[in-house]
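For reference, the structure is listed below as structure tokens.
Keep in mind that the numbers below use all heavy atoms, side chains included, and drop hydrogens, waters and symmetry copies. Naming: A, B, ... by sequence-line order, numbering from 1 per chain.
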Amino acid sequence: MTAAGGRWQGPSVVAGAAAVILITVVPPLIATFGQVIGAEDVLAPFATAQLWLLLARSLALAAAVTALSLVVGVPLGILFARAHLPLQRLLFAAHLSILFLPPFLPTLGWFHVFGRDGYLGGPLSAAILFSDVGLVLALTNALLPAVTALTAIGARGIDASLEEAARVAGGPWRAAAFVVVPTAAPAIALAGVIVFALAFSELGVPMFLRVDVYPELVFSRLGGMDFAPGEAAALALPLVVLAAALLWIEQRLAGGRAIAALGGGGLGVRAPLFAFRPWMLGVGLVAASISLAPIAALLVHGAERGGLLEAARWIGAAPVNSLLASSLAATFMVMAGAILGVSLARQGIVGVWLDRIAVLAFVLPAAILGVGIAYAWNRPATNWLYASVLVLVVAYVARYSALATRTVAAAVAQTPRSLDDAARTVGAGYFDRLRLQLGMAPQALIGAFALALVFSLRDLETAVLLYPPGGEPLTARIFTLEANGPAGVVSALAALHMLITFMAVGLAWFALRPRASA
Amino acid sequence: MIEMRDVTVRLGGKTILDRVSLSVGDEVVALAGPSGCGKTTLLRVLLGLETPVDGEVWIGGQSVSARGRLLVLPEHRNIAMVFQDLALWPHLTARGNLAFGLKARSIPKDQRERRIAAALAWVGLDGKGDKRPGQLSGGERQRVAIARALVLDPHALLLDEPFASLDILLKHEIVNLLVRLFAERRLPTLCVTHDPRDAAFLAKRVIVLESGRIVQEGTLSELAEAPATPFVRAFAGCNRTFVPDQSA
């Protein structure tokens, strides 16, 4: 009986974890297609050249953000990972800080710097900010650290002897260019896909900067004067094709190799590839300052306008809603991610396929997920979920579960398979082996939770479509107030959002910090 | 000529090498010692990947590290190494692996191609230049690593346990290749090994390192006759059971 029970332990637990992903991701997709099939004149919007031009323009803007992020982020990642730099950790943390915020917050900060009435602003800087160029620069500023971070992790994870052999034969620059970067290429490719997906999905920044983009068109059909839900579903269709293309690129260029590259096998102490040069410190300082400048501008603006004192009157339950929905979602993501991540690391068929579904949801423009979740759950039978904060939990799990699964997989992939085989030979059951594998990578669970939490906290695109009455998360609250609330209060709420996020990141950083071995 | 004079290396507050002095002329010297005794660190010091806190390192008559300073960068020392795990760059072909160092030295393309072809032919890999490491057998990968080291025409050669991962047949094949190499080119060579049989037929002289210090030096029979430590006794006491192909 024990043996029979043991045999079903694994499949039933994996099925439970799979259900978390499938229930959150698949119904929205089916519901979207259902709306398209049921709607009349579904192809009518596609008859206008304007729509296709808007799609092409949005793709071009996202491509420009991705290209610029890669051009700047890859060398920066190598610098932070493999150069001897004073204050390295501090500068790196400062550079990454902006990634943990919804991009429209730093954009708001830049507005206070370069807007017409900004600290350094004038008509010209405002014109640049409120243009395609401004959009590309603002999004690059916000998303560049994703490239820096993944390049740095990939570069530090490569086999030390590969780098040293290149260092001896060709010097540090050639070693970096021809060995370190190509070896970290899967991680860099993954970063490119992430930046493209996030840049294309972004609603807050283009709406704030008055730049027309395609996802905004879908968003506009879900409320207000342009309300046309069937058309919204139809408009989402090209985005499904785009998401499928991104998934294909991710699987082809990154996929399992990125998981291996990000495992950080070489994260231990290693001599830097580049000796210290003063200009390197200059580059590090600039990278950190460009991330911190808009944050500082928001803080100063909030304090100057008395927003910090006024904020309490406007804040409502938004921080509680944010924290509640995000931590619940992160918990579900880590529970499912721990199980599926182990399966993915061992190339289990269920893990591999569910990872693809989760990555598809991640690269899917948020507007589609939002549309789909609304169609799938806005029914009498499921109104208890749709009308509560739980709908945000569903949205966050659907959109970000790939982050938790991949984080766990990257860590577990570094542990030799023989350890699991050894446990199996001594008769360990599924739970014992799962505990053993996760026990060898406990920091992965903390990292996965932190990533899932922070990305849920920073989400605006899905939250703004779905938040229930009284369940407004902080990002949506700031975004709606930005249009018609006091400017100082908006800055103060943005500062509060940053405080919550940085406290979460700080706790994770503290838990994950390298400790001296006994 | 490779020379170390009173070299001390400290890493993380621990002394890894303690006043080590050695010299290797146009000969093969085996470096033996228990795990963690500092053998790999010693090779890294010669390569310039670690800087000694004290002592001097000389290569080809030039001081390359002295009293805590790196005088010559690793890429300018012209020392070649065959890494224990070979460290072949997986995204480059065999030819690409060989070309890497030549390109860094700005060798013109025609000369580069000629040298690569000659090196690949020398290790018996004609026609395999376009294969990536993953498409080659274990023995072929080992040959590429040796060719990559030799194509740069180095001042000295370092071998870090070159036979560690080879089965007996492959080992025989690679040993014969190295014997031929040493016969043809009198290259100062330091070979880290755990196996006294390898030391016996590759090297005339053996240096034994323990806890970061050289405890004994001599031919294998000299070590066997008067071992200074239990490790030396165990190491030198083993019999030769493996005979290289003398026709190589």
Side-chain angles (χ1 to χ4, degrees), chain A residues 74 82-84 151 154-155 157-189 252-258 260-261 263 265-277 414 416 514-518, chain B residues 9 11-14 40-41 43-51 59 69-70 72-92 96-107 132-134 144-145 148-158 160-161:
Chain A
V74 170
R82 301 301 303 124
H84 174 63
T151 303
I158 79 163
D159 194 327
S161 61
L162 288 181
E163 184 185 289
E164 285 169 357
R167 169 81 176 87
V168 170
W173 291 101
R174 291 189 74 84
F178 298 106
V179 173
V180 177
V181 170
T183 311
I188 295 168
R252 184 137 181 107
L253 298 181
R257 289 184 299 146
L267 281 176
V269 177
R270 198 156 118 209
L273 180 58
F274 295 98
F276 172 68
R277 298 278 183 277
Q414 303 306 310
R515 294 176 181 85
S517 52
Chain B
V9 174
L11 296 173
K14 275 181 69 179
T40 301
T41 304
L43 296 189
R44 291 169 60 81
V45 167
L46 291 170
L47 286 170
L49 295 172
E50 302 289 353
T51 310
I59 290 166
R69 288 174 55 220
L70 205 63
V72 178
L73 292 171
E75 63 270 27
H76 298 142
R77 293 188 175 196
N78 203 17
I79 294 192
M81 170 140 149
V82 177
F83 287 75
Q84 187 177 353
D85 62 359
L86 305 183
L88 294 177
W89 303 303
H91 59 294
L92 301 180
N97 267 274
L98 268 65
F100 184 89
L102 295 171
K103 283 182 184 168
R105 284 157 180 72
S106 306
I107 307 287
R132 292 189 180 195
V144 173
R148 184 177 71 178
L150 297 178
V151 78
L152 297 175
D153 203 7
H155 290 321
L157 180 64
L158 308 179
D160 191 1
E161 299 193 38

query: What part of B:Phe100 lies closer than 4.5 angstrom to a heavy atom of chain A: side chain, backbone, both or neither?
result: both

Engaged part of B:Leu102 at the chain A interface, taking heavy atoms whose separation is under 4.5 Å: neither

- request: Measure distances from B:Leu88 to the heavy atoms of chain A and classify the residue's part below 4.5 Å as side chain, backbone, both or neither.
  value: backbone

query: Can we say A:Glu164 and B:Arg44 salt-bridge, meaning some charged N sits less than 4.0 Å from an Asp/Glu carboxylate O?
result: yes

task: Give the C-alpha distance, both sets of side-chain angles, the deciding distance and a yes or no for side chain to side chain contact (heavy atoms under 4.5 Å, CB included) between B:Met81 and A:Val168.
output: CA-CA 9 Å; B:Met81 170 140 149; A:Val168 170; 5.9 Å; no

- prompt: Got a sec, which residues hit ring pair (Phe, Tyr, Trp, His ring centres under 6.0 Å) with A:Phe178, two or more places apart in sequence or on another chain?
  reply: none

query: Side chain, backbone, both or neither: which part of B:Arg77 has a non-hydrogen atom closer than 4.5 Å to chain A?
result: neither

- request: Please tell me if the side chains of B:Glu75 and A:Arg174 come closer than 4.5 Å, counting only heavy atoms from C-beta onward.
  value: no

field: Contact origin within A:Ala166 toward chain B - heavy atom pairs under 4.5 Å
entry: both

query: What is the minimum heavy-atom distance between B:Ala87 and A:Ser161, and which atoms define it?
result: CB-O, 3.4 Å

Least distance between heavy atoms, B:His91 atom then A:Val179 atom: CE1-CA, 3.9 Å

- line: Closest non-hydrogen contact found for A:Gly170 with B:Ala104 is CA-CB, 3.4 Å

message: Quick one, B:Leu73 and A:Pro172 - any side-chain contact, counting heavy atoms below 4.5 Å?
response: no

field: With sequence neighbours excluded, residues passing side-chain contact (heavy atoms from CB on, under 4.5 Å) with A:Ala185
entry: none

